[in-house]
Amino acid sequence: MWHLRGRSSVTAAAAAALHKPVAHLRLLLAVSAWSVPAAASNVAAASTTTRGGPSPSAGVAPRAMPSSSSSPPSAAEGTTAAAGGFRLTEPSFLESLMPKKEIGVDRFLAAHPEYDGRGALIAIFDSGVDPAAAGLQTTSDGKPKILDVIDCTGSGDVDTSKVVKADDDGSIVGASGTHLIINPSWKNPSQEWHVGCKLVYELFTDTLTSRLKKERKKKWDEHSQEAISEALKQLNEFEKKHSKSDDAKQKMAREDLQSRLEYLRKQAEGYDDRGPVIDIVAWHDGDVWRVAVDTQGLEGNKNCGKLADFVPLTNYRLERKFGIFSKLDACSFVANIYDDGNLVSIVTDCSPHATHVAGIAAAFHPDEPLLNGVAPGAQLISCKIGDTRLGSMETGTGLVRALIAAVEHKCDLINMSYGEPTLLPDYGRFIDLASEVVDKHRIIFISSAGNNGPALNTVGAPGGTSSSIIGVGAYVSPAMAAGAHCVVQAPAEGMEYTWSSRGPTADGDLGVSISAPGGAVAPVPTWTLQSRMLMNGTSMSSPSACGGVALLVSAMKAEGIPLSPYTVRKAIENTAASISDVPEEKLTTGHGLLQVDRAFEYAQQTKELPLVSYRISINQVGKPTSKLRGIYLRGSNTCRQTSEWTVQLDPKFHEDASNMEQLVPFEECLQLHSTDSSVIKIPEYIMVTNNGRTFNIVVNPVNISSGLHYYEVYGIDCKAPWRGPIFRVPITVIKPIALSGEPPALTLSNLSFKSGHIERRFINVPIGASWVEVTMRTSAFDTPRRFFLDTVQICPLKRPIKWEAVVTFSSPSLKNFSFPVEGGLTLELSIAQFWSSGIASHEPTCVDFEIVFHGISVDQKIIGLDGSEAPVRVVARSLLASERLVPVATLNKVKTPYRPVESNLCSLPPSRDRLPSGKQIIALTLTYKFKLEDGAEIKPRVPLLNNRIYDNKFESQYYRISDSNKCVYSSGDVYPNYVKLSKGEYTLQLYIRHDNVQLLEKLKQLVLFIERKLEKKDFIQLSFYSEPDGPTVGNGTFKSSILVPGEPEAFYVGPPSREKLPKNVLPGSVLVGSITYGVVSSFSKKDDQNQHAPASYSISYLIPPSKVDNDKEKGVSSGRKSISERLDDEVRDTKIKFLSGFNQETEDDKSSWTALVASLKSEYPKYTPLLAKILECIVQKATSDDKFSHQKEIIAAADEVVDSIDKEDLAKSLSLKPDPEDEEAQKNKKKMEETRDQLADALYQKGLALAEIESLKTDESTEASAKDVFEENYKELIKWVDAKTTKYGSLTVLRERRCGRLGTALKVLNDMIQDDSEQPKKRLYDLKIQLIEEIGWVHVSAYEKQWMHVRFPPSLPPF
């Protein structure tokens, strides 16, 4: 997704933080702080743009562009002009909060009040619309506003496949283990109740979760402080009573009280609220599926949120009802039931974005009509494509399901205010399916163009890059500036927001279709605790345009005008009001500002014409290039000669068009025009039939000036010229400046900036340049000024290479920047003063700007060390000027490849996953296993799929990482995130979807990498040498050199030494990092240290096979035993090993096992390893019904182990320190340590068995005797080992618990749990909760029980 950059209320540091390229968080908006009133909030806004755009380059004369519409209507209507500028009245202020006049809605509704969107149905593809939000209950004619609410992502899915039946008193056990009372009035003929549960925070946004955590922590702190005070009181009273006592028991009692107090304090410090669990129950009432939710844990009041008090819901589209979790959260939700009750989808929004978007398009406020959305009569369906698990990031699954829902509901329009940069325009699975929805099902698809301006080539997918989708830019009027944005002085004229993305696309298409108001104060979800707020972005301009088109649809339906996305698009584009007279500004504004009234007049005039759209495909003559949608010349070489292009013009009819009635008779005679005949040569006329027509365009840019030039070739219907352009061929020519000097530099002096002004320069980056150093100096201004600096380079089959910065100058000063560039590619430099920065000042900002190119070219941009001892030779050159060569290479990550251990293909249920074409979507689930020997930060990478949402032929790449307890530690999709994991074994499941099973079959062995960050202390700094034997011999170290232009310099990069390689890295893994070669020269140096050049390159090292260990063979050959003795030992050890694999399921098996044990005991009497293995087998044996006998058997086996060991000899041997050089002594010591461990294990198992027997007996005298034996056994154990360690700690916990020292028991148990050498064990946490409940800490017990659902969920969640 996109995000917006900066706003005047954001500091430079904050703006810089916003500006970091986090593609998976880039929502198309700037959102005011959700907890404060919109007018007073800080709005994270965008980049800078101007109405006039860039100053035209010298020699570029304004050219008239084809349009049937004049400039936008004046915004002064309803306002008062004054000496100070723009003034608002109360009505005009309210109107400015929900701008509609700008697009002619007032004029249209004045003429056609009944065409206010009635009959139009809009699908909102977004983060989920809140059905409880203000203005979203009914339409202007009393119909339900929202017809359906769907979570297309699956983030709210709950597995309810478990079926239970109620007991006699009408209660069931929910999936969380809670006893739930069923309301007796609920009809359920089958008496089968489907149950599931979910951590409620998984359904909430981060903002709501944060608020709830604060509220809940207040209650927790009250209980916590009360418990701490009581524990402290008990300790003080004890110390007063036993102040001088040295009795051991009193000492242990004191330690117990201290442990309780310490535990409570640590618990308070480490409090981490993971939220309550809600139980979901589904059943069929004989007519429909119903859902009820138990939310008792949310408010902490057992009388609130009971299951029986819940008003059951069914699928929203059937009854249009929603629930509220609790008064505390004020969050509404919807329930949808799928798969015969086995899956319940709890639908919540994942941000206020969608509700705001829906409100702009269609909100209806009967008491506040000035705040109505654009089309208050329109109806909506909400298709949630933002995944709550990913923080509102869209997923392929969500996008495709949304398209399915839009077709199923027979929607007229889709609005999608999501998007991101793309590798290829008009490409990808979602784009293909969206085109089918438009072409076959006649749905008008409108989307935001993006918020990545002011540079060109910043439109994103899908809105700005897809032929079938109408991309919308963001416009701000004087009224919006004065009212919604509360600027001190409004601009004299409307303009495009600075941050609104610009065209063209990489394949030459215009990119932006039209513009609409890009800001509004609109409804937001109830959980924000306010009814509406200000947001701005192309996210807002898209629903503004969509609402305007909904009015058009409403009118066309009412008057019987055939409705088609083709004719609607032509109507709005050919009647849009021009925002600027400068032709190049079409790349910013599209065809202009939407004008609904004029578009309707156009639709009325063209209602008898064929429903056809012209598709353009362009190839350059003489080049086998891919098909383009425009002509885009970007570079000095392309501008030095004339080029010829072939245009294929194909009429596109809807798929249901009649051959005989529509296709055969179709014929249009078109007159061709160009906006500048001195540069563009074309034929005068063409005749087009259904099979299309080609014609050639000749472009001669040789004599044009440097800078940006935009032209169009368009066709006019000879019989109906009033229709305006029938098709357009956009032609963008960028003629860059060539630089000279050593190093090459460009100096821009005395540039004058006012609010919204943009300066663009296009530079031919010299071959050999790899980074740029920039100096920006401002002067001659009074109030603080904010600038956006953008640079863009276009590289084939790659996302635009973009560098950007948001800079605030509080006073005249100088700032420096550096960033990487690609030599030989044209660089656009955009300097823009934010549209509202300095808006009240009459003083322009004076800017001096210098950009200097540096570079060190190397013969290998990507260096791969193959794992051998050989270094890699690198040849470096400086082609521009003398540069200091200072290579620095660091390896800081390790990537390990994995293949799936399991793959599973399954056809998905048709209720959500059957395409409109009838094809069934199939899911491929790949399972990977990996192990971490130490805790680390890791990230999964799937090179084939990652970093592409829209330009990807597969629709999902969702993954999750879990442990053996089914605890999910991380999940992600297109943009994987790092997650910190403890030592242990993990499972990663990757979920890929498509309707073509053959494609999925090819991915069954898909390679995935686990990328692990090395700790900083483990970073590997590589060395450089001037000799090929340098890494081995240690001579010829290379540090630095001065590169003379044109003269090569060679050096070697040495591999890392073996001792520096990280531990536990598998052979075949790859260490990766970066290498830089130069230093920044023009900046002031701090502490005489070099600032490395920003141009860095990839370097890797393949982990070689492990060293062959000959010690094992040496150990075998050096033994003193004879061959026959060693053979006897091997036979004995094999027999012992066989014991553990012996099956004891039947009585015969048990008899055979007993006989084998007796035989081995007779053959090897008092052989401790044998007896220890027998004990191990008895402990692991399935417990019979006679638990008492089983524990007795364990005790007997343990006693045999203990009796087989000479404890005095063992103690004596362990007390001696063997000679480190005496191999036999070392082996004997190891053997003694093994014997000690066998002894300790026998004592440990005996102690556990004694405790178990004690719990089973009721005879008090026998119980006292057992206690004595237990205590003797425990005292024997602690002679040999530390009984508080993880291995033996359970016995210490039992002992302390038996003695009533629950605090000490809890301390030992907590230490065991916190030992991260193993993954969490449920039995330890269950025991912890038991101890806490015995102490009486109810609040701590409730807290730990909530965490049990996190650590040990009953099952993995659905994908």
Verdict with reasoning, Q234 to E230, per side-chain hydrogen bond (donor to acceptor under 3.5 Å, both in side chains): CA-CA 6 Å; Q234 291 176 3; E230 179 61 27; 3.3 Å; yes
Residues L1309, L1324; criterion side chain to side chain contact (heavy atoms under 4.5 Å, CB included); working and verdict: CA-CA 7 Å; L1309 181 60; L1324 297 182; 3.9 Å; yes
K1207/E1276 under side chain to side chain contact (heavy atoms under 4.5 Å, CB included): CA gap, chis, key distance, verdict: CA-CA 11 Å; K1207 300 183 188 66; E1276 182 66 27; 3.6 Å; yes
Intermediate values then yes/no, side-chain hydrogen bond (donor to acceptor under 3.5 Å, both in side chains), S962 and T987: CA-CA 5 Å; S962 60; T987 299; 5.0 Å; no
ring-ring contact (aromatic ring centres under 6.0 Å, His included) between Y959 and Y928, intermediate numbers included: CA-CA 11 Å; Y959 72 86; Y928 302 82; over 10 Å; no
Verdict with reasoning, S224 to Y271, per side chain to side chain contact (heavy atoms under 4.5 Å, CB included): CA-CA 10 Å; S224 180; Y271 176 78; over 6 Å; no
Step-by-step side chain to side chain contact (heavy atoms under 4.5 Å, CB included) determination, I1335 to L1306: CA-CA 10 Å; I1335 293 174; L1306 190 58; 4.2 Å; yes
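In this structure P1354 satisfies the side-chain contact (heavy atoms from CB on, under 4.5 Å) test with no other residue, sequence neighbours excluded.
The shortest non-hydrogen separation linking A1251 to L1294 is CB-CD1, 4.0 Å. The shortest non-hydrogen separation linking R1012 to A936 is CD-CB, 3.3 Å. Residues L1175 and A1198 approach most closely at CD1-N, 3.9 Å, considering heavy atoms. The minimum heavy-atom distance linking S1355 with K966 is given by the pair CA-CD, 3.4 Å. Across M1348 and Y1325, no two heavy atoms sit closer than the pair SD-CB, 3.5 Å. Of all the heavy atoms in D1219 and Q1226, the pair that sits closest is O-NE2, 3.4 Å.
From M1232, atom CE reaches atom NZ of K1229 across 12.5 Å, with rounding to the nearest 0.5 Å. Here E1234 contributes atom CD and K1231 contributes atom NZ; the two are 9.0 Å apart, rounded to the nearest 0.5 Å. L1210 CG to R1236 CZ: the interatomic distance, rounded to the nearest 0.5 Å, is 8.0 Å.
Looking at R254 and E239, their side chains come closer than 4.5 Å, going by heavy atoms from C-beta outward. Annotation: side chain of Y986 is not in contact with side chain of S964 (no heavy-atom distance under 4.5 Å). L1248 places none of its side-chain heavy atoms less than 4.5 Å from the side chain of I1194. A heavy-atom distance below 4.5 Å is not found between the side chains of D1018 and P1062. Between T178 and V173 there is no side-chain heavy-atom pair separated by less than 4.5 Å. Within the 4.5 Å cutoff, the side chain of L1239 has no heavy atoms near those of the V1201 side chain. Side-chain contact between L1250 and E1254 is absent, with no heavy-atom pair separated by less than 4.5 Å. Using a 4.5 Å heavy-atom threshold, the side chains of Q1346 and D273 count as touching.
For the pair E262 and R265, the salt-bridge criterion is not met [side-chain N within less than 4.0 Å of a carboxylate O]. Between E1271 and R1295 there is a salt bridge, since a side-chain N of the basic residue sits under 4.0 Å from a carboxylate O of the acidic one. Salt bridge status for D1129 with R1126: absent, with no side-chain N to carboxylate O gap under 4.0 Å.
No more than 12 heavy atoms of other residues, nucleotides or ligands shown are found within 6.0 angstrom of CZ on F1138.
Exactly one of W1280, Y1274, Y1244 qualifies for a ring-ring contact (aromatic ring centres under 6.0 Å, His included) with Y1288. That residue is Y1244.
Every pair passing salt bridge (charged side-chain N to carboxylate O under 4.0 Å, His left out) that includes a residue from residues 1327-1346 is listed here, sequence neighbours excluded: R1297-E1334, K1328-E1344, E1333-K1345, E1344-R1351.
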